[in-house]
Structure formats: C-alpha cells, structure tokens
**Student:** 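One structure coming up, written as structure tokens, with questions to follow.
Residue numbers count from 1 along this sequence.
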Amino acid sequence: MSKKAILSALLVSSALLGATAANAATSDIKAESKKVTVSTEKAKLYKDSKLKESTTPKNGTVYQVDGYRNINDKHVYRVYQTDKNGKKAYRGYIDSKDTKDLKAEKAKGQFVLNGKTNVWKNFYWTAKNTDNAERVVFAKYEYTLGNGQKYYSVYSKDAAGKEVWQGYTTKSNLKEVTSTKESKYVALKKDTKSFANLYFQQTKGNFDVKSGVNFKVTRYYTIDGKKYYSTERAGKTWTGYVDSSVVEDLKAEKVAAADSYVKVAKDWNTYSDHFYTKKAKLADYKGKNLTAKYVYTYGNGKKYASLYDGDTWVGYANVQALASNTDEETRKAIDAANDAIKKAEDILSKAQASKESKEAAQKVIDAAKETVKKGNLEDIKKVPAQIAEAIKGLKPGATTIDIQRVEEAIKSGEEAIKSVESQGIGSQDKERVQAVKDAIENAKKVIADMKKGDASTEDADKAIQAIEDAINELGAPATTISLEQLREAIHEAERLYRATENAAVTGRDELGKEIKAAKDLLASAKDGKVTNKQVTDEIKKLEDAMNNVKFDKKDLLDEVAAVQKLASNVYMTKDGEEKFVKAMTAIMNLDANSDNYGKFLEAKSVLADAKAGLEKQPNKADGEALNKAMNRVKELAKLPNQGKDLYGTPALKEAYNKANQLMTEMKKVTDKENKATVKISKAEVEKATQDLNLAFDNLGLNEDALNTFIKAAKDLESKDDKFTNNVEFKKAVVDLEVAAKDTHFENYGKIVDAARKVYDMMIQDLQTVYNGVLPWNNNQAEVNPEVNVISPKLGVKAIKEDTAATPGTTLSQKEFVSDIVSKAGHVADYYTKDSYDKFATALTVAQTILADAKTKDKVSSSASVSAQAGVQVNNAMKELVDAQEGLRFNKDKLIEFSNNGHAAVQKWQIEAKKAVSQKQKSGATATVSTVEQVEANGKAANQGFWALGYQQNGKWMGHKDESGKTFLEGLTDEQLKPNKENAEKLAQMMYNAENDYYTYAYTVAPQLKK
C-alpha cells in the first residue's frame, strides 16, 4: 500500500474507534439492573470505560445501573438517569465501592403534606405536579440516600379506596396527623356528606338537613386551615369525618320556669338521645304535670325538650307534642318566685353574716324551690315574702371591733374576779365567781367563732351581756372598763343635749337630769363604793333618756309641703323630678327619735337647697310669657304676599328658634307624664322671651329695597312723558312716600297697598325701571347688572413674582391697586370669613401705602424716597394679589341662597299654573305654549347674587348627582377661587338666570293678569 493509502486507513480506523468507544467498552459488560446512591464525597463519575476522564458527583446522587464491568481490579457500574422527558440519559461509570444500593424499606404513618413543598416523580428530581392544598397522605416506603437524607414514598386513596401514589418527599416536608379529643353534640345545618378517611375522596355517608341529623363529636382534626370532626351516632356507630363548617353546636337552652310546666298534647314518642332512639311513649304521661327543663334546636328548625316527670327523666320530646300547663297568673307568680330566689342566693353568697343565720336562710330558699316545683299557685305567691323575711333575718357578721369589745368584756370579768378574790370569798361568792368564769369561757368561744366568720355582732352582744350580768350578780366594785363605758355614755348624752339646745324637741329636760345623776355616780366611784350593777343600770337610764328625746316633725313637714307646692309649678327634667320625689319621701318617712337628729338637721338643709334650686327653674308664668312672645311672631305667617320673608330678619329667626327649642322641651312635662331630659333654667327662659320680644319690637321693613323702588318710580315720573303728567300716578307715589315713613310691622299693610297701586300703574313699562326692584323682593337691592360685585378684574391683571419688590413703581401698577380698591364693593358675604378678612386687611394696607406714596411723589423730588415708596407699593401689591388669590367663595352661603331661590321658583310656578287654569275656566285665552313659557322662564328666580335656582342644564342646584352631592356641594377648592375663569362662568350663569326671571316677571306675569 502507498503511504497515502496507509494514512487514510489509519485515520478511518481512529475515527471508528472514537465513535464507538462506549460500545467497545461494553463488549464484555455483564447485565445488572438496580438503583444505587453515591455514598462518599470522594466518588468519581468516569466518562467512559477507560476510567480516565471523570467528574465528582454529589454525595447522595441516585443512578440507574444497567450493567457492570471489572476494569483494573475495579467493579464499576455503567449508570443512567431519566431526564425530564422520561428518556434514559447515559451518565458514565462509577466504582461500586463509592455507592450503595438504594433499597425501599417498609414505612408506616399518616402525615399532613404541605402542598407547596417539593414532591418528586423520581430521585432525579423531576417535579411531580400536585395539588397545592395541604392534604393527608400515608407513607408506604422509606429510602435513605448515600448522604443520609431520608425520603418517603407517599400515597393517598381515591373515591374507591384504592391507593394513589403521590410521589417522593423528604420527611421534613411532613408532619404527623394529630387530633384533639372533643365531646359534644352538633346539628347539621346544610346537606353534606361525610368522608371514610382523611384523604377526603371516599364517601362514608350522605346526610339531609331536613331530616334533623345530629352527630356526637369525639375528636377533631385541623387540615389546610379547616376543622374536621370525627363523628358517631346511635350505639357509638362511627359516621365518618364531617367538615365543621356544615354543623353547629347543639346547645341546651334553659327554659324559663314560667314556661317549663307542660302537658302532653300528642301521643308521640320521646327519645333517649339526639339520634331518635325511642325511649318512651308520651301517651303514658297524659294528664300529668311535666317539666321541660331544656330545649334543643336541631338543624331543620325543630325543637326538642328535655322532659321530666318530677325528678324522673322522660326523654327528649318534640315540643309540638307538648302544650303549656301554666296559666298567665301562675306564670307571673313563678317568675316572681324564681326572681326572688335568684336574688336571695346572690345576696347569701356575698353576705357577711353568722353561720347560723345563713343556714336558716338557705333552708328557706331550698323550701321555696320545692314549692315552685310543686306548682301550687297560692303557695308560690307566698315565696317572695318568705324569701324577703329570710334575708331580713340574716344577722350581720362580726367585725374586728366586735372582737375587741368582747375582749374588753373578758378583761372586765377577770378584773372583777380578782377584786373579789383579794377580799376573800364565801361559799355564795364561789358560785357567783364561777358564773363569771363560765361567761368568760363562753365569750372566748364566741371570739374563736367570729374569727372563722361563724358568729355575728348579735352573738358578740350576747356574750358581753352575759359577762356584765355575771359581774353585777357578783357585787364587785365597778371595774375600770365599766367606768370608762359610763364616761362614754355621759359624753354622748351631753353631745345630744347641746345639739338640741334651741330645737323644737321633747324629753330634753329629763335628759339633763339623767346626765347630772350619771356624773354624781361617777364621782362616787372614786371611793370604791359603786358596783358594776349600779354603773350598768345608770348607762341604761342614760340610753333611755336619749331615746326619749324626740324632735317635732310638724315644722319639717310644713316645709316639705311648701317645697312640693313650689315644685308643682316649675319645670323639671324626668330625672330631676324622680330625685326630688325620692328626697321628699325620705324626709317625710324620717323617724323623729334622737338617733335621727343628725338626719333631721340634714333634711332641713336639703329642703333649703331644694327651695333655692326650684326658684331658679322656669315656672308656669315664665312659660306663658314665652308662649305669648312666640304667638306674636306667628302672626307674621298671616301676612299677604311675601310679608313673612320681608320681616323675617335673621335676629328674629334666631330668637324664635331658640324660644321654640325651649318651649318644645317644656311641653314634654304634662300632668300625666314627664319626658323632659334637657335642663333649663329660669334665666334661660326669661332671656329667650326678652330677646324674642326685642327682636319683634324692632322689626322694620327693608328700607333699602323700598327706597330703591320709590326712586325707580320717581325716575320714571321725571323721564317718561306717560307718567310726567299723570296726576293719579304722582298722587300714588306721594301716598307711598308718606306710608313709607313708618316702616314698622304694624304699618305693613298700608305700605304694600300703596306700593301695589304704583306697581299696577307702571307694570306695562316696568322694564325701564332701575333694576326692576320691588319692595317685597327683599334681597334684590344688590342685583344691579351695572355693579360688578364679584370684581372679575381682580384676577385679570397679574403681577409677576420677580417684579413685585423692585424700585420704580409705574403708574399703571398704582392704578391697579386703585382698581382693586374701587372694585372691592360689598362682597364679604360671598366669601369665606378667613379669606375675606385676610384680603380686607391687605386691601387696607394697600390703600394706606398707596395714599402715602402719592403724597411722597408730590412733596419730594428725591429719587431715593421715590424708589423706597415704590418698593413699599410693590410689596403691598404683592400681598394684596396673594390675598386676592387666596379668596374662596363661601359654599355654605351659596347653598343657603340656592335653597331660597328654589323655594321661590316652586311657589311662583304654582301661582302661574293657577292663573292659567283660572283663565281657561273663565274662557279667556291661555294656550299651552303660554303655560310652558311660564314654567320655562320661571325656573331661574334670583334672590340675591348667588341664589341661582338652576344650572344651565336645567337642573336645580339642589339636585344630587351619582355621588350624592349637589352641584354646589360638589364645588372643588379650585372652582371656588374667584379668578377670571370662575367669575366669568358664574357671572354668565347669573346673567342667564336674571334674563329668565325678568322675562317672567315683566312679560309673562302681566299677560296672565290681563
């Protein structure tokens, strides 16, 4: 062969060898199939059987072995993995000593799998599509990788109960299924099914809410945020897992005692449980008095009562099979008895009383319960009184002071015994000494009982009295303690004697004599000649003397009667009246004995305060005066035309509203009942009456409007030949001027008649009258088209920021300030107070500085002075422009005027329709088009500059849009700026409205009057 042929053959052979390296390497491979996992960090994965080129696989990596070879003393596996498309992918060779077999070991346990964690199809980490919801699975096999990581092969079950593989997951992705013990009954509230297992695919049972299904819950599980109950029914038959959201707790509702007495109405069965297990027949209980203690409401709405025959349980019975066995009288008596029992038990649980008295009260309560059970009406009626008597009989529990009192008595007894024994005692004295010792021992037992809460103040008193009686029988000299008790008694008696020195009381003289006797006895005790019995007897005499001091209630009762008479004629709130009655009743029921003398003095003070307070309350005369003032104002409503508007000044309206509020509240007090809640003073009512009368007395006609009308008439007379030589017209004008000299309310009729006469004579040419102002259109004096009251020019000339404070003010800038000054007009009412006050202040400053600047220009030729003045003017102008730009229209004022305008529109439209209707009835010509013209032109009545009744689109400004706001309410801050654009827009609306109004007033209205 040639060199070329040999070279070509070598190249081909080399290519073939390289292309079939893997096949050549497996020419002697032996078959084996299993999964292995890398078990060391030092393992190598060779590219081919030459075992030269390699990579380091991760510890724990899993491969599929499909054969092995022994190369260079190594037992190597040929390995593959499955790619994401399920196809085998050759990975190379790995030494068997660097792996271990991946074996499936049996596993068990039920777990909750977090659906958002990784679940894989294989150990090559191909993700398995799973439900994201948290769910229950069980582990069937466990795998441990070479790196020690454990994985479970988990399953669930389908609707048929067959196992469904879920995939591989780590143990850390699972948590054990746990349950919590529960014991309760639940009622089904919607149709549902229960599940045979926690995989929630296999149905255990189907349940219909109409059947009144109930379950007993024994455990619950929380899975994916939901609670599932493990349920059972009759005979502990397991009924599956039920979603807690489809059931509700079956609760026992206690039946009111008055409703608990029932009888059989239908021969149905009773049940021993809530699963309808038959217990008894109601027919066997016919004619008996049964008790329904509790009621259960099932999911289907039916109610079942827990029924008793005396103390014997009958079972659960459908309430439809029962009827009430209690009449209305018995029902009320039972309610009253049970209420008394409940209150008594509450009092008894909190009472600090002796053990003996508490036990006695409890016996009465127990007996009362039995009485109610028996159902005898007459006996039940007696229960509240019996309970009250038992509670009244509770003896107050002993206090620390009671213990100290008994201890002092014991010391007195011991002192008396010691005194007698020191003198020597005979046989009779021994018996008397023993009696004292016995009394002391008994007193010590009482102290022990008091400390345990088992003895009362009364028990302490008895123990003390027993010791004192024994000491008195002993005849021993008075003890230090008994003498101290006498001093205390004398002190108390003297206190009462001094307190009653100038009082109307009886028994005071006798008290004084007894005090002297007690003091004499105390003085004699210094010689040891006074016995304990003498001291005790004297203390008793002092106490009797004090009890015999009585105060005279006659004057007190007379004072009560006088205060009550005063109260009957004044206004009081319901609460105040109840407190007053309670206080007077307490005073009238006051016992006249000396123990209550302090209360007697307190009662006199209470009466004095009550009298002073009542005198500050409005009385009947105050109410009548206020009512009279209100009736005067009400006369305005009877005036013709717009009289009530003409005279309804703000001051009068405000005074009347205040008076009406007070009168409305005072009218809530009647002879039958008192519903008043607002406190009102006499001063308030008197001031309201005074303010209302003053506002009414100062009423006057709107002189500006009236004078404007007179001026218009006189102008017409002087300028129009038609009226210049009209004697009758001249006389009418003079008559109006004469009538207008007295604009008080009483002269209203004369003025209106005179003005109407002038109006009727000039109506045909009224459009030539200055502004068409009529005296009964109260606010139109300001509606002069020639007066630009909103001064739109304020926003036309702007001064730039950079020129506002520079020297050399030009004349045009000064003129601008003057223009602002001249156009300010009388617009305060149409702007918000804050913005207008700021503007007015800036305006005043500008006026002052401008005047000052002009003066300086005239008297000074100094350039510096002129420049300085210019700067001041410029700064003032800047402040003024800023203030002007901050002006905002007063939205509340606009709304008020708009509402007034709308009311006028409605009124005038109604009058126009009436006029047309009358013409039609009389046969006169009044076409439909005339009516339409009247309604169209009458839309835009203009009362005051901003009383625009309608927008341009024909909707009243009070009309609410989809957002619930009217046009005016919806105006934004930007729309409320009085700049040129807004001013022109609103001025145009005003102009349209005025044109419509004037067309109506001077064209249509006169036609209707013809």
**Student:** Can we say Lys140 and Glu163 salt-bridge, meaning some charged N sits less than 4.0 Å from an Asp/Glu carboxylate O?
**Tutor:**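 A salt bridge links Lys140 with Glu163.
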**Student:** With rounding to the nearest 0.5 Å, note down the distance linking CD in Gln166 to CZ in Phe138.
**Tutor:**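 The CZ atom of Phe138 is 9.0 Å from CD of Gln166, to the nearest 0.5 Å.
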**Student:** Could you tell me whether Phe200 and Phe195 have their ring centroids closer than 6.0 angstrom?
**Tutor:**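 Ring centres of Phe195 and Phe200 closer than 6.0 Å.
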**Student:** Output yes when a side-chain donor or acceptor of Thr585 lies under 3.5 Å from a complementary backbone atom of Val581, and no otherwise.
**Tutor:**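 Checking the backbone N and O of Val581 against the side chain of Thr585, a donor-acceptor pair under 3.5 Å is found.
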**Student:** Please determine which of Glu182, Lys181, Glu232 meets the side-chain contact (heavy atoms from CB on, under 4.5 Å) test together with Thr218.
**Tutor:**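 Answer after filtering Glu182, Lys181, Glu232: Glu232.
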**Student:** Kindly determine whether Glu389 and Gln386 satisfy side chain to side chain contact (heavy atoms under 4.5 Å, CB included), including the steps that lead there.
**Tutor:** CA-CA 5 Å; Glu389 193 64 29; Gln386 293 168 348; 5.8 Å; no
**Student:** Report yes if some heavy atom in the side chain of Gln110 is under 4.5 Å from a heavy atom in the side chain of Leu198; otherwise report no.
**Tutor:**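 Contact flag for Gln110/Leu198 side chains = yes.
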**Student:** Roughly how far, to the nearest 0.5 Å, is the OG atom of Ser156 from the CD atom of Gln202?
**Tutor:**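 If I round to the nearest 0.5 Å, the distance is 11.5 Å.
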**Student:** Thr573 versus Thr677: any side-chain heavy-atom pair under 4.5 Å?
**Tutor:**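 SC-SC contact between Thr573 and Thr677 ruled out.
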**Student:** Is the shortest distance from a Lys or Arg side-chain nitrogen in Asp249 or Lys184 to a carboxylate oxygen in the other one below 4.0 Å?
**Tutor:**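 A salt bridge links Asp249 with Lys184.
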**Student:** Might you work through the ring pair (Phe, Tyr, Trp, His ring centres under 6.0 Å) test for Tyr316 and Tyr296, ending with a clear yes or no?
**Tutor:** CA-CA 9 Å; Tyr316 298 112; Tyr296 300 82; 5.4 Å; yes
**Student:** Between Asp346 and Lys342, does the salt bridge (Lys or Arg N to Asp or Glu O under 4.0 Å) criterion hold? Intermediate values first, please.
**Tutor:** CA-CA 6 Å; Asp346 184 53; Lys342 183 179 179 183; over 6 Å; no
**Student:** Tell me yes or no: between the side chains of Tyr298 and His274, is some donor less than 3.5 Å from an acceptor?
**Tutor:**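 Present: a donor and an acceptor within the cut-off.
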**Student:** How close do Ala460 and Val406 get, counting heavy atoms only, and between which atoms?
**Tutor:**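 Closest approach of Ala460 to Val406, heavy atoms only: CB-CG2, 3.8 Å.
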**Student:** Rounded to the nearest 0.5 Å, how far does OH of Tyr304 lie from CG of Asn214?
**Tutor:**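 The OH atom of Tyr304 is 9.0 Å from CG of Asn214, to the nearest 0.5 Å.
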**Student:** Verify, without hydrogens or angle tests, whether Thr231 (side chain) and Gly240 (backbone) share a donor-acceptor contact under 3.5 angstrom.
**Tutor:**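 Checked: pair present.
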**Student:** Can you see which heavy atom on Val314 is nearest to which on Ala280, and at what distance?
**Tutor:**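 That would be O-CB, 4.2 Å.
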**Student:** Measuring from Ile447:CD1 to Asp459:CG, what's the distance to the nearest 0.5 Å?
**Tutor:**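 Here the rounded value is 12.5 Å.
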**Student:** Mind checking what makes salt bridge (Lys or Arg N to Asp or Glu O under 4.0 Å) contact with Lys162, not counting sequence neighbours?
**Tutor:**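 Checked Lys162 against salt bridge (Lys or Arg N to Asp or Glu O under 4.0 Å); zero matches.
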**Student:** Answer yes when Lys343 and Glu345 have at least one side-chain N-carboxylate O distance shorter than 4.0 Å, and no when they do not.
**Tutor:**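 No, no charged N to carboxylate O under 4.0 Å.
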**Student:** Does Tyr220 have Lys227 sitting over its ring (NZ/CZ under 6.0 Å from centre, angle to axis within 45°)?
**Tutor:**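 Checked: cation-pi criterion met.
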**Student:** With a 6.0 Å cut-off (strictly less than), is the heavy-atom count around NZ of Lys281, excluding the residue itself, greater than 12?
**Tutor:**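 No, because the 6.0 Å sphere around NZ of Lys281 holds 12 heavy atoms or fewer from other groups.
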**Student:** Do Leu607 and Met584 touch side chain to side chain, with heavy atoms closer than 4.5 Å?
**Tutor:**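 Yes - at least one pair of side-chain heavy atoms lies under 4.5 Å apart.
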**Student:** Are the side chains of Val213 and Asp208 in contact, using a 4.5 Å heavy-atom criterion?
**Tutor:**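 No, their side chains stay 4.5 Å or more apart.
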**Student:** Between the main-chain N or O of Leu174 and the side-chain N or O of Tyr152, is there a donor-acceptor pair closer than 3.5 Å?
**Tutor:**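 Such a contact is absent between Tyr152 side chain and Leu174 backbone.
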**Student:** Any side-chain donor-acceptor pair under 3.5 Å between Arg219 and Ser179?
**Tutor:**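 A pair is found: one side chain offers a donor N or O, the other an acceptor, under 3.5 Å apart.
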**Student:** What distance separates Thr400 OG1 from Lys451 NZ, expressed to the nearest 0.5 Å?
**Tutor:**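 Thr400 atom OG1 to Lys451 atom NZ measures 10.0 Å (nearest 0.5 Å).
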**Student:** Side chains of Gln362 and Asp366: donor-acceptor distance under 3.5 Å anywhere?
**Tutor:**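 Distance-only check passes for Gln362 and Asp366.
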**Student:** Please report the shortest heavy-atom distance between Ala196 and Tyr241, naming the atom on each side.
**Tutor:**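 Between these two residues, the closest heavy atoms are O-CE1, 4.2 Å.
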**Student:** Report the residue from Tyr185, Phe207, Phe275 that forms a ring pair (Phe, Tyr, Trp, His ring centres under 6.0 Å) with Phe215.
**Tutor:**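 The residue from Tyr185, Phe207, Phe275 that satisfies ring pair (Phe, Tyr, Trp, His ring centres under 6.0 Å) with Phe215 turns out to be Phe207.
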**Student:** Within a strict 4.5 Å, meaning less than it, do heavy atoms of the Tyr261 and Thr291 side chains meet?
**Tutor:**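 A side-chain contact under 4.5 Å exists here.
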**Student:** Charged N to carboxylate O below 4.0 Å: is that the case for Asp402 and Arg405?
**Tutor:**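 Salt bridge present between Asp402 and Arg405.
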**Student:** Surrounding NZ of Lys574 (heavy atoms of other residues, nucleotides or ligands, distance under 6.0 Å), is the total greater than 12?
**Tutor:**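 Incorrect, the count does not exceed 12.
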**Student:** So Lys251 and Glu253, salt bridge (Lys or Arg N to Asp or Glu O under 4.0 Å) or not? Walk me through it.
**Tutor:** CA-CA 6 Å; Lys251 296 179 181 179; Glu253 298 177 31; over 6 Å; no
**Student:** Do the side chains of Leu282 and Asn269 get nearer than 4.5 Å, heavy atoms only?
**Tutor:**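 Asn269 vs Leu282: side chains apart.
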**Student:** Does a side chain donor of either Gln465 or Asp469 reach within less than 3.5 Å of an acceptor in the other side chain?
**Tutor:**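 Result is yes, a qualifying pair exists.
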**Student:** Of all heavy-atom pairs between Leu113 and Asn173, which one has the smallest distance, and what is that distance?
**Tutor:**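 For Leu113 versus Asn173, the nearest heavy atoms are CD1-O, 3.9 Å.
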**Student:** Of all heavy-atom pairs between Ala317 and Leu307, which one has the smallest distance, and what is that distance?
**Tutor:**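 Heavy atoms of Ala317 and Leu307 come nearest at CB-CD2, 4.1 Å.
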**Student:** Side chain to side chain contact (heavy atoms under 4.5 Å, CB included) between Asp191 and Val246: does it pass, once the steps are laid out?
**Tutor:** CA-CA 8 Å; Asp191 295 348; Val246 301; over 6 Å; no
**Student:** Can you check side chain to side chain contact (heavy atoms under 4.5 Å, CB included) on Leu290 and Tyr308, steps first, answer last?
**Tutor:** CA-CA 6 Å; Leu290 304 176; Tyr308 287 79; over 6 Å; no
**Student:** More than 12 foreign heavy atoms under 6.0 Å from CG of Asp311: is that the case here?
**Tutor:**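 No, the 6.0 Å shell around CG holds no more than 12 heavy atoms from other groups.
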**Student:** Can you tell me if NZ on Lys381 sees more than 12 non-hydrogen neighbours from other groups inside 6.0 Å?
**Tutor:**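 It does: Lys381 NZ has more than 12 such atoms within range.
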**Student:** Quick one: CD1 on Ile680 to CE on Met572, what's the gap to the nearest 0.5 Å?
**Tutor:**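 That separation rounds to 13.0 Å.
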**Student:** Are any of the side-chain nitrogens in Lys462 or Glu458 under 4.0 Å away from the carboxylate oxygens of its partner?
**Tutor:**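 Salt bridge between Lys462 and Glu458, a charged N being under 4.0 Å from a carboxylate O: yes.
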**Student:** Within a strict 4.5 Å, meaning less than it, do heavy atoms of the Val563 and Phe580 side chains meet?
**Tutor:**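 Yes - at least one pair of side-chain heavy atoms lies under 4.5 Å apart.
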**Student:** Would you please test Lys288 and Asp309 for salt bridge (Lys or Arg N to Asp or Glu O under 4.0 Å) and show each step?
**Tutor:** CA-CA 8 Å; Lys288 286 191 173 186; Asp309 178 12; 3.1 Å; yes
**Student:** Indicate whether the side chain of Glu577 and that of Asn674 have a donor and an acceptor atom separated by less than 3.5 Å.
**Tutor:**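 Asn674 and Glu577 do have a side-chain donor-acceptor pair below 3.5 Å.
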**Student:** Taking atom NZ as the centre, does Lys171 end up with more than 12 heavy-atom neighbours from other residues, nucleotides or ligands that are less than 6.0 angstrom away?
**Tutor:**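 Count not over threshold, so no.
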**Student:** If we only count heavy atoms from C-beta on, is the Trp268 to Asn318 side-chain gap below 4.5 Å?
**Tutor:**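 Yes - at least one pair of side-chain heavy atoms lies under 4.5 Å apart.
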**Student:** Is the closest basic N to carboxylate O distance between Lys216 and Asp273 below 4.0 Å?
**Tutor:**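 Between Asp273 and Lys216 there is no salt bridge, as every charged N stays at least 4.0 Å from the carboxylate O atoms.
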**Student:** When you look at Val136 and Phe111, which way does the side chain to side chain contact (heavy atoms under 4.5 Å, CB included) test go after all the steps?
**Tutor:** CA-CA 6 Å; Val136 175; Phe111 303 94; over 6 Å; no
**Student:** Just by distance, with hydrogens left out, do Ser306 and Lys293 show a side-chain donor and acceptor under 3.5 Å apart?
**Tutor:**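 Per modelled atom types, Ser306 and Lys293 side chains form no pair under 3.5 Å.
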**Student:** Are Lys579 and Asp575 ion-paired here, with the side-chain N under 4.0 Å from a carboxylate O?
**Tutor:**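 Counted as a salt bridge, because a side-chain N and a carboxylate O are separated by less than 4.0 Å.
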